Amino acid sequence: MHTQRFLDLPQSWPSLPLREWQDTCDTLHMWTQVVGKIRMALTPHVNHWWEVALYVSSSGLTTSPIPYQNGIFEMEFDFLHHRLDIRTSLGTTRSLPLKPQSVADFYRDVMAALDQLGIAVKIWTMPVEVPNPIRFEDDRQHAAYDPEYANRFWRILVVADTILKEFRSRFVGKVSPVHFFWGSFDMAVTRFSGRRAPERVGADHMTREAYSHEASSAGFWPGSGEITGPAFYSYMAPAPPGLDKQPIRTGSAFYSTQLSEFLLMYDDVRQAPSPHQAVLEFLQSTYEAGVTLANWDRANLEASPKDLPSRRS
């Protein structure tokens, strides 16, 4: 398949050492939260917070269409031309350059551009899922933007998105889109058993909604804390007893007791004879390990070969 050749080309898997772009990563995380919170404020709720996520596009990350009082609009981070584009169904547009600038300046300019387009929205300006959050309007600490590393990150999201969509196609039960969550700053796809999960005692409303049903989730993440590089991940919620002891067919993958997740480091994927197949094997084998222990009804949840349409080139 032509897609497979693209997924195994060396240029599709650029180097992304976290230490080299940590400041840009942290700033971009906050910028995506500004845009994501705008989408969240104006979009009807969907189970597990699926309405808040961003999606990979042919030039960056997009909100997809958002309703507002005069129609719909879309906001897209363009990591080819390094700008934030805002387009409305009325044909009006605004573009803001992506450059070294503080979160406070970015937030001010984005809200001003929306106002010029007649889009009225108010958001909660406190970042989420980060230590020591600073309100957007006060954040002058995060102000880095390296266009080369922003572009590399997006290029990796392109291949991750493509592989995760292939993996997603093997499941016929309830399954999320492949989407990018700006809170945790990662890409994810999540499969569900169809059964409710035990309530998480003491969890906040966001977490209870996200994990209301048994789930097997996997995705890609640039790393943080003790995980000092990007990685593909896979986990079960709730995790069945013994999951951490299960053998995984991808030899370099391991179970992180710190995160309670299986990890396959991105640099190991880059060195594989077929990065595409290495990631697919990791996703499939960790999924099988978890759902077998959790007694999912695999016969009715997974697609058989006859369910998958044939492709003609």
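As the structure is a computational prediction, the values presented were derived from the model and not from experiment.
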Measure from the side-chain N and O atoms of [X] to the backbone N and O of [Y], and report whether any donor-acceptor pair falls under 3.5 Å.
X: His142; Y: Ser102; answer: no
X: Glu51; Y: Val46; answer: yes
X: Gln258; Y: Ile227; answer: no
X: Lys37; Y: Trp124; answer: yes
X: His29; Y: Trp182; answer: yes
X: Thr190; Y: Ser176; answer: no
X: Arg152; Y: Pro14; answer: no
X: Gln246; Y: Gly290; answer: no
X: Gln101; Y: Pro97; answer: yes
X: Asp85; Y: Thr93; answer: no

Derivation and outcome, side chain to side chain donor-acceptor pair (under 3.5 Å), residues Ser57 and Thr62: CA-CA 6 Å; Ser57 73; Thr62 180; 5.9 Å; no

According to a hydrophobic-cluster definition based on side-chain heavy atoms being under 4.5 Å apart (Ile, Leu, Val, Met, Phe, Trp, Tyr only), do [X] and [Y] belong together?
X: Phe106; Y: Ile123; answer: yes
X: Tyr255; Y: Leu259; answer: no
X: Tyr235; Y: Tyr266; answer: no

Contact between [X] and [Y] at the side-chain level, heavy atoms closer than 4.5 Å - yes or no?
X: Phe282; Y: Phe167; value: no
X: Ser12; Y: Arg155; value: no
X: Asp186; Y: Tyr233; value: yes
X: Phe232; Y: Trp221; value: no

Any donor-acceptor pair under 3.5 Å linking the side-chain atoms of [Y] with those of [X]?
X: Arg191; Y: Ser216; value: no
X: Tyr107; Y: Asp139; value: no
X: Asp267; Y: Gln271; value: no

For the residue pair [X] and [Y], categorise the inter-ring angle as parallel (less than 30°), tilted (30 to 60°) or perpendicular (more than 60°).
X: Phe171; Y: Tyr287; value: perpendicular
X: His45; Y: Trp49; value: perpendicular
X: His213; Y: Phe192; value: perpendicular

Nearest 0.5 angstrom please: [X] [atom1] to [Y] [atom2], how far?
X: Ser212; Y: Arg200; atom1: OG; atom2: CZ; value: 10.0 Å
X: Leu42; Y: Gln69; atom1: CG; atom2: CD; value: 8.0 Å
X: Asp78; Y: Arg83; atom1: CG; atom2: CZ; value: 5.0 Å
X: Thr207; Y: Asp204; atom1: OG1; atom2: CG; value: 3.5 Å

Near-ring test Phe77/Trp31, centroid separation under 6.0 angstrom: no

Name of the residue among Phe185, Tyr55, Trp50 meeting ring pair (Phe, Tyr, Trp, His ring centres under 6.0 Å) with Phe180: Phe185

Steps toward side chain to side chain donor-acceptor pair (under 3.5 Å) verdict (Glu214, Ser193): CA-CA 6 Å; Glu214 291 181 347; Ser193 70; 2.7 Å; yes

Side chain to side chain contact (heavy atoms under 4.5 Å, CB included) between Leu164 and Leu283, worked out: CA-CA 8 Å; Leu164 288 168; Leu283 298 172; 3.8 Å; yes

